[in-house]
Number of protein chains: 2
Amino acid sequence: MKQKKLKLIDDVMLTETQKILSLLKNPVRLQILYILSQQNLSVSEIVELLHLDQSLVSHHLSDLRKYQLVSTKRDGKSIFYELDDPHILDIVNETLEHADHVLKGKKHNEK
Amino acid sequence: MKQKKLKLIDDVMLTETQKILSLLKNPVRLQILYILSQQNLSVSEIVELLHLDQSLVSHHLSDLRKYQLVSTKRDGKSIFYELDDPHILDIVNETLEHADHVLKGKKHNEK
DNA sequence: CATACATATGATAACATATTCATATGAAAG
DNA sequence: CTTTCATATGAATATGTTATCATATGTATG
């Protein structure tokens, strides 16, 4: 079969891409990023909002911090989280939009 | 702490989003989508291009088909795959762009 | 119609990720 | 300085994902 020279995604990019998508793929982390895009919040506020275990939330926040998607600031006893990488929201929004399209009738596939 | 009414991503959206990101997260599937965005290819062509097992490629193609990201056409003995959902590329590209930014110096975080 | 070729599939094994539980840390307030 | 409150962490467990192997299917060709 006749093939043009096809470009592949190189390994470094692939690894980085995987990291980002792995972080976003998790529903808890996605929610966290989503609410942090609206307002900076302390851990216990996030716990309340999402009705999840403190420990679980902390673990996920730790993952997000590790990859520098969020950063922290202490205020009194609480630790507040904020988005450290607004660009990540472009991906989140693009994906949410896509999900929305798919749910509203799979436009691309009405056979 | 004073909180605005914060919006959450609803469960249905969350589930759909997860499906999409799970598919994209895998490097093999991501490569496949990337090369199919350049040209329709048969299974064996993909196998050659990516230097992977036929069985592995078939499994991944099956996943992509299952969620209607790709579709197939038989031509002679071969089965050709094509993107069935071009919009998915927006997410892919957004993510690749992001990965590129991060790799080229983590612009958002030069402290 | 028997064989070859391309692709698909089911079962299992190897590996990764998420959740839970128990406990540690570390700042703040008495 | 010791108790309390908020958050973090490590280890164990549960769950999900990916790769591999053996084999099945289905079309084409002699």
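Bear in mind the structure is a predicted one, so any value in this text is a computation, not a measurement. Letters go in sequence order (proteins before strands), and every chain restarts at 1.
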K.L.:
In terms of ring plane angle, is the pair A:His87 and B:His101 parallel, tilted or perpendicular, where the classes change at 30° and 60°?
P.N.:
perpendicular
K.L.:
Does D:dT7 have its OP1 or OP2 closer than 4.0 Å to a side-chain nitrogen or oxygen of A:Ser44?
P.N.:
yes
K.L.:
Mind calculating the distance between CG (A:Leu24) and P (C:dT17) to the nearest angstrom?
P.N.:
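So the CG-P distance, A:Leu24 to C:dT17, works out to 14 Å.
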K.L.:
Any salt bridge (Lys or Arg N to Asp or Glu O under 4.0 Å) pairs touching residues 86-96 of chain A, not counting sequence neighbours?
P.N.:
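For residues 86-96 of chain A, and leaving out neighbouring residues, there are no salt bridge (Lys or Arg N to Asp or Glu O under 4.0 Å) pairs at all.
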K.L.:
Select from A:Lys25 and A:Tyr81 the residue whose nearest nucleotide in DNA chain D is closer to the 5' end of that strand.
P.N.:
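This one resolves to A:Tyr81.
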K.L.:
Taking only residues two or more places apart in sequence, or in another chain, which ones meet A:Ser62 in a side chain to side chain contact (heavy atoms under 4.5 Å, CB included)?
P.N.:
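Only A:Arg65 meet the side chain to side chain contact (heavy atoms under 4.5 Å, CB included) criterion with A:Ser62.
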K.L.:
Within this structure, what is the CG-to-C1' distance between A:Leu21 and D:dT17, rounded to whole angstrom?
P.N.:
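Value for this atom pair: 15 Å.
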K.L.:
Return the value, rounded to whole Å, for the distance between atom CD of B:Gln18 and atom C1' of D:dG16.
P.N.:
11 Å
K.L.:
What residues, two or more places apart in sequence or in another chain, satisfy side chain to side chain donor-acceptor pair (under 3.5 Å) together with A:Asp53?
P.N.:
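With sequence neighbours excluded, A:Asp53 shows a side chain to side chain donor-acceptor pair (under 3.5 Å) to no residue whatsoever.
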K.L.:
Could you work out, with side chain to side chain contact (heavy atoms under 4.5 Å, CB included) as the rule, every residue matching B:Ile79, not counting sequence neighbours?
P.N.:
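With sequence neighbours excluded, B:Ile79 shows a side chain to side chain contact (heavy atoms under 4.5 Å, CB included) to B:Thr72, B:Arg74, B:Tyr81, given in chain and number order.
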K.L.:
In whole angstrom, what separates A:Phe80's CZ from D:dC5's P?
P.N.:
18 Å
K.L.:
When the distance from CG of A:Leu41 to P of D:dA6 is rounded to whole Å, what number comes out?
P.N.:
15 Å
K.L.:
Figure out the CD/C1' separation between B:Glu48 and C:dT7, and round it to whole Å.
P.N.:
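Taking atom C1' of C:dT7 as the reference, CD of B:Glu48 is at 15 Å.
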K.L.:
Not counting sequence neighbours, which residues clear side chain to side chain contact (heavy atoms under 4.5 Å, CB included) with B:Asn40? List them please.
P.N.:
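With neighbours one apart ignored, the set is B:Glu82.
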K.L.:
Does B:Gln38 have any side chain to side chain donor-acceptor pair (under 3.5 Å) partners at least two apart in sequence or in another chain, and if so, which?
P.N.:
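Once residues adjacent in sequence are excluded, B:Gln38 has no partner under the side chain to side chain donor-acceptor pair (under 3.5 Å) criterion.
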K.L.:
So if I take residues 27-37 of chain A and measure heavy-atom distances to DNA chain C, which residues fall below 4.0 Å?
P.N.:
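Nucleic-acid contacts, sorted: A:Arg29.
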K.L.:
Sequence neighbours left out, what passes side chain to side chain donor-acceptor pair (under 3.5 Å) with B:Gln54? Give chain and number order.
P.N.:
B:Ser58
K.L.:
Got a sec? Which of residues 52-61 of chain A come in under 4.0 Å of DNA chain D, heavy atoms?
P.N.:
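DNA chain D contact set from residues 52-61 of chain A: A:Gln54, A:Ser55, A:Ser58, A:His59.
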K.L.:
Taking side chain as C-beta onward, heavy atoms only, is A:Leu33 less than 4.5 Å from A:Leu64?
P.N.:
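They are in contact (side-chain heavy atoms under 4.5 Å apart), so the answer is yes.
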K.L.:
Round to a whole Å and report the spacing from CG of B:Leu23 to C1' of D:dG16.
P.N.:
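Interatomic distance, CG of B:Leu23 to C1' of D:dG16: 14 Å.
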K.L.:
I need the CG-P distance between A:Asp63 and C:dT19, as an integer number of Å.
P.N.:
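Value for this atom pair: 10 Å.
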K.L.:
Is the distance from OP1 or OP2 of C:dT17 to the nearest side-chain N or O of A:Asn26 less than 4.0 Å?
P.N.:
no
K.L.:
Suppose we screen for side chain to side chain contact (heavy atoms under 4.5 Å, CB included). Which residues come up paired with B:Leu96, at least two apart in sequence or across chains?
P.N.:
A:Ile9, A:Met13, A:Thr17, B:Tyr34, B:Val92, B:Asn93
K.L.:
Report, as a single string ordered 5' to 3', how protein heavy atoms within less than 4.0 Å touch nucleotides 24-30 of chain C: B base, S sugar-phosphate only, - not at all.
P.N.:
---SS--
K.L.:
Excluding sequence neighbours, so at least two apart, what forms side chain to side chain donor-acceptor pair (under 3.5 Å) with A:Ser37?
P.N.:
none
